[in-house]
Amino acid sequence: MRIRVMGWGIGVVLSLVVLSAMAQGGGKLEIFSWWTTGGEAAGLLKLFEIAKRQQPGLEIINATVAGGAGQNAKAVLKTRMLGGDPPDSFQVHMGRELTDTWVVTGFMEPLDDLFKQAGWEQTFPKGVLELLKGSDGRYYSVPANIHRANVLWYNKKAFQSAGAEPPKTVDEFFQVADKLKAAGVTPLALGDNGIWAATHLFETVLIGSLGAEGYRGLWTGKTDWSGPGVRKALDAMVRMLGYVNADHAARSWDQANDLVIQGKAGMTIMGDWVDADNLAKGVKDVGWAPAPGNTGVYDALSDSFGLPKKAPHRAETLNWLRLIGSKEGQEAFNPLKGSICARTDCNSKLFGPYLQWAMEQWKKDAIVPSLAHGAAAKESWLTGINDAMSLFVTGKDAAQAQRLLTAAAAEAAKK
Ligand code: GAL
């Protein structure tokens, strides 16, 4: 009896210790990303707010490195990971960036148990689940969202005064561009101080030229990089570059968007983080449409988070990942971030008009992987393409660009 009482007593003491530790909270979590612009930061801070509510006393280190698409962050992350100093979790694009950069190289922990506990095999679409797996068939990251890359954003007033409608085809794009130019407005805003933004524009032009199937084939070897479809896209791109703001190489994507907001430029072709940028800047009179020639195609990417093997705060990180994949997390984050949920059960009423439109397109469009945002090609290949684009944007030599792109594809196929 005495022993039983003592045993019970120890149990109570232990529970009290655990409870008081929970009440005191504590714990640390370092989250690494490049989300520093208005809409990006708003989404991230919302997630932090929920994480802190769920784990009182949690200290979050917001490790951001500014620069769209991770133009600076990715190099910093690499240095940290290779130096054995990983953050607890980091933003990583679902698809080739996740698998080829971090999974194949053995830096990440599989997350199958978490997926099982959270029931995520039932809440994420099959196509998304496949892109989260390594070649061993195990899950390696949790998707926070789905972004659409191929969107044309336009200043409604500028279009009205120029008598223009959003262009549906590449040919129409040039007609509209001429109208805007005649009205004294820069037709197309570009902010490629990170070359990825030019690559981003080019991937939408490739989709317009090759169609969904042809574009997919670029990544599987079925579409020839030296063929007429790629050449057509490069020629169109040369013409498009004739309509962009002179200071494009000095601007970021959000500074290019400012030109559209101010009515100095008529349009920009960028991912739907522009919707978040507009929301954060209180802008309402910007319209959207699929990029020219991209109707019916959803050029997709996803920001996801995983668990590095050497994450210093494993338990807190697992809680973070649970939040990232949860309905509560996705419904709070995505309306601010300009993305739709990766989950299939979010309440669409919580989202603004652009995102409600995107949700409808996501259900019916042909889905293709984004190049500039880590879904279509491994990083070394993307680097080769970005290098070709750097030369191309300044030299505007389509034949040279096609040779370089063909060589980059051949190089990627070797390894
Ligand atoms: C993408 C990222 C988005 C957005 C954008 C601009 O690569 O997936 O979340 O942040 O870059 O920085």
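In this chain, residues are counted from 1 in sequence order. Both counts, for ligands and for their atoms, begin at 1 and track the order of listing.
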Anything with a heavy atom under 4.0 Å from ligand 1 counts, so go ahead and list those protein residues by chain and number.
W34, W35, E40, G68, A69, Q91, H93, H147, W253, W273, L301, D303, K337, H373

Sequence neighbours excluded, every pair satisfying side-chain hydrogen bond (donor to acceptor under 3.5 Å, both in side chains) that has a member inside residues 382-409
T199-N386

Pairing of K133 and E130 as salt bridge, 4.0 angstrom limit:
yes

W253/H248 under ring pair (Phe, Tyr, Trp, His ring centres under 6.0 Å): CA gap, chis, key distance, verdict:
CA-CA 9 Å; W253 69 268; H248 62 92; over 10 Å; no

For the student: nearest non-hydrogen atoms of G38 and A280, plus distance:
C-CB, 3.7 Å

Please say which of F32, W320, Y140, F90 ends up in a ring-ring contact (aromatic ring centres under 6.0 Å, His included) with F305.
W320

What I want to find out is whether K168 reaches E172 closely enough, with some N-O distance under 4.0 Å, to be called a salt bridge.
no

